[in-house]
Amino acid sequence: MMSRAERTPLTDWWWTVDRGLLAGLTALMVAGLVFLMGGGPPVAEKIGLPTFHFLNRQAMYLAPTILIIVAVSFLSLRHIRRVALATWIVGVTLCILAGKFGPEIKGAHRWIQFGPFGLQPSEFVKPAFVVVAAWAFSEGAQRRDMPGGLLAILLLPVTIVPLILQPDFGQTMLITIVWCSLFFVAGLHWFWVAGLGAAGLVGVAFAYQFLHHVRERITRFLDKDSGDSFQEYWARESFNSGGWFGTGPGEGVAKRHLPDAHTDFIFSVTGEEFGVVVCLCLVCLFAYIVMRGLKLARRTDDTFSRLAITGLTTLFGLQACINMAVNVRLMPAKGMTLPFVSYGGSSLISLALGMGFLVALTRKRPRMTTLSQKPPGTAPATVAGVMR
């Protein structure tokens with residue numbers, strides 16, 4: 001156990017970091033490995049890879065994931081903003097290059113190759129965009145000479161247009177909803193909230209009308225007999241087969257029919273083998289992390305930290321909700337992973353960056369407050385440092 005008396009960077013970090021948040025993230029990583037033991041082997045065997053190929057690679061990715069979370073959590077607020085801005089610029093640039101030169105996978109150009117390694121830049125754009133947008137909103141609220149609100153508004157089209165061109169409608173919707181939540185927390189009037197909601201509905205209608213893959217997914221969701229609903233059928237059957245307590249680890253059948261049992265539909269595999277009870281526990285774990293983040297956001301007095309924490313927490317929770325909603329057929333298929341549970345290198349590393357930002361922003365930091373009230377005839381107010 002680390003003592004408060006030891007004054008080292010590590011002990012300072014340990015006593016200022018939110019350990020409840022770290023415990024929740026650690027539990028998710030461990031759960032991801034356990035659940036991937038069921039969803040990974042059938043997919044690996046189907047494509048001619050070793051049985052535990054995906055499990056081994058996920059365990060290998062967890063080492064840099066943990067390292068990035070810890071390393072980023074040491075950053076100061078100034079360095080968080082700088083790292084986020086640099087990541088956002090590089091990420092958007094790579095998204096444009098991926099749309100033009102990236103390989104076509106399932107009808108979209110979302111990946112870019114660096115030799116034998118593939119990278120999905122949109123995953124890294126998401127957390128960086130949230131921090132940069134929060135920065136712009138906070139600067140606009142604190143400085144009248146800074147057009148922060150205008151910059152925050154311009155950030156959205158610059159970010160989502162390359163995603164639409166890939167096309168990646170799911171990530172576009174996710175980023176847009178998180179941006180709207182930031183706009184609301186920053187003090188947007190209810191009139192503009194309604195306007196943004198109406199604009200979102202118009203955007204969905206436009207996508208349905210002019211984007212074939214969006215129209216196909218929505219139509220298939222509304223009418224299961226209108227097209228191939230193979231994945232949706234087996235995802236639903238997995239919960240029916242598992243019941244409350246599951247068929248047992250490794251005993252699932254639906255995972256042998258789901259092509260993405262280790263990524264998009266890992267929640268369905270978990271439902272079949274471990275049961276609805278375990279799935280509900282997983283939902284509660286995600287809810288705990290989200291509520292913990294929002295509680296910490298409410299406690300902070302710094303505008304930038306409050307907005308960034310809210311945005312990162314919303315991004316994390318909304319992505320989990322979308323994945324689980326698709327698995328239980330409450331939404332059309334989106335191709336979105338379940339944070340820290342689904343297999344994926346780009347997903348894990350980008351989540352590590354986002355959660356590293358979150359852990360850094362929620363650390364207890366010394367702040368300077370001015371004691372304005374003083375008895376008559378005393379010296380001017382002194383400045384005292386207190387722990388938030």
Side-chain angles (χ1 to χ4, degrees), residues 24 26-59 61-62 106 170 217 220-222 224-225 227-289 316-344 347-348 351:
T26 302
L28 267 185
M29 295 180 201
V30 174
L33 288 178
V34 174
F35 299 148
L36 195 59
M37 291 179 67
V43 180
E45 293 171 359
K46 191 181 300 183
I47 58 180
L49 295 173
T51 303
F52 294 105
H53 171 80
F54 294 114
L55 178 65
N56 293 333
R57 288 181 67 87
Q58 186 82 342
Y61 287 135
L62 279 180
K106 296 182 180 180
R217 287 187 177 185
R220 190 166 63 237
F221 171 75
L222 296 175
K224 63 181 181 180
D225 297 325
D228 181 17
S229 57
F230 180 80
Q231 291 193 112
E232 291 82 357
Y233 169 79
W234 281 107
R236 186 174 62 252
E237 283 299 307
S238 64
F239 290 101
N240 294 333
S241 174
W244 285 102
F245 301 103
T247 59
E251 300 298 323
V253 175
K255 65 184 180 182
R256 303 189 181 280
H257 301 276
L258 288 167
D260 298 317
H262 61 316
T263 53
D264 300 350
F265 290 93
I266 189 71
F267 190 66
S268 297
V269 176
T270 302
E272 182 177 24
E273 298 193 349
F274 294 90
V276 174
V277 172
V278 172
C279 286
L280 291 176
C281 291
L282 186 60
V283 172
C284 289
L285 182 56
F286 278 109
Y288 166 76
I289 295 173
F316 178 83
L318 191 58
Q319 180 171 333
C321 286
I322 291 175
N323 177 276
M324 292 185 285
V326 168
N327 276 257
V328 297
R329 209 175 182 276
L330 292 176
M331 289 183 66
K334 292 290 182 186
M336 201 166 291
T337 58
L338 189 60
F340 290 115
V341 177
S342 297
Y343 168 80
S347 176
L348 270 182
L351 282 166

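For clarity, every value in this text was computed on a predicted model and none was experimentally measured.
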For residues 266-285, tabulate all N or O donor-acceptor pairs below 3.5 Å that involve a side-chain atom, not counting sequence neighbours.
unit_1: Ser268; atom_1: OG; unit_2: Asn327; atom_2: OD1; d: 2.6
unit_1: Thr270; atom_1: OG1; unit_2: Ile266; atom_2: O; d: 2.9
unit_1: Glu272; atom_1: OE1; unit_2: Val253; atom_2: N; d: 3.3
unit_1: Glu272; atom_1: OE1; unit_2: Ala254; atom_2: N; d: 3.1
unit_1: Glu272; atom_1: OE2; unit_2: Ser241; atom_2: OG; d: 3.4
unit_1: Glu272; atom_1: OE2; unit_2: Val253; atom_2: N; d: 2.9
unit_1: Glu272; atom_1: OE2; unit_2: Ala254; atom_2: N; d: 3.3
unit_1: Glu273; atom_1: OE1; unit_2: Gly250; atom_2: N; d: 3.0
unit_1: Glu273; atom_1: OE2; unit_2: Gly252; atom_2: N; d: 3.2
unit_1: Glu273; atom_1: OE2; unit_2: Lys255; atom_2: NZ; d: 2.5

**OP:** Compare every heavy atom of Val341 with every heavy atom of Leu28, then report the nearest pair and how far apart it is.
**Re:** CD2-CG2, 4.1 Å
Original post:
Stepwise, does the side-chain contact (heavy atoms from CB on, under 4.5 Å) test hold for Gln319 with Thr337?
Top reply: CA-CA 8 Å; Gln319 180 171 333; Thr337 58; 3.2 Å; yes
**OP:** Say whether, by atom type as modelled, one donor and one acceptor occur between the side chain of Asn323 and the main chain of Asp264 under 3.5 angstrom.
**Re:** yes
Original post:
What heavy-atom pair brings Gly38 and Pro42 nearest, and what distance separates the two atoms?
Top reply: O-CD, 3.5 Å
**OP:** Please work out whether the ring planes of Tyr343 and His262 are parallel, tilted or perpendicular, with thresholds of 30° and 60°.
**Re:** parallel
**OP:** Report yes if the side chains of Phe286 and Cys321 come closer than 4.5 Å at any heavy-atom pair, otherwise no.
**Re:** no
Original post:
At their closest point, which heavy atom of Pro50 faces which heavy atom of Ala44, and how far apart are they?
Top reply: O-CB, 3.3 Å
Original post:
Rounded to the nearest 0.5 Å, how far apart are CD1 of Ile322 and CG of Leu330?
Top reply: 12.5 Å
Original post:
Does the pair Phe54 and Leu49 meet the rule for a side-chain contact (heavy atoms from CB on, under 4.5 Å), with working shown?
Top reply: CA-CA 9 Å; Phe54 294 114; Leu49 295 173; 4.3 Å; yes
**OP:** Kindly compute the distance separating CZ (Arg57) from CG (Leu348), expressed to the nearest 0.5 Å.
**Re:** 11.5 Å
Subject >> Value rounded to 0.5 Å, distance of CD in Gln58 from CE in Met37 >> reply: 13.0 Å
Original post:
Can you tell me how far the CG atom of Leu33 sits from the CZ atom of Phe340, to the nearest 0.5 Å?
Top reply: 12.0 Å
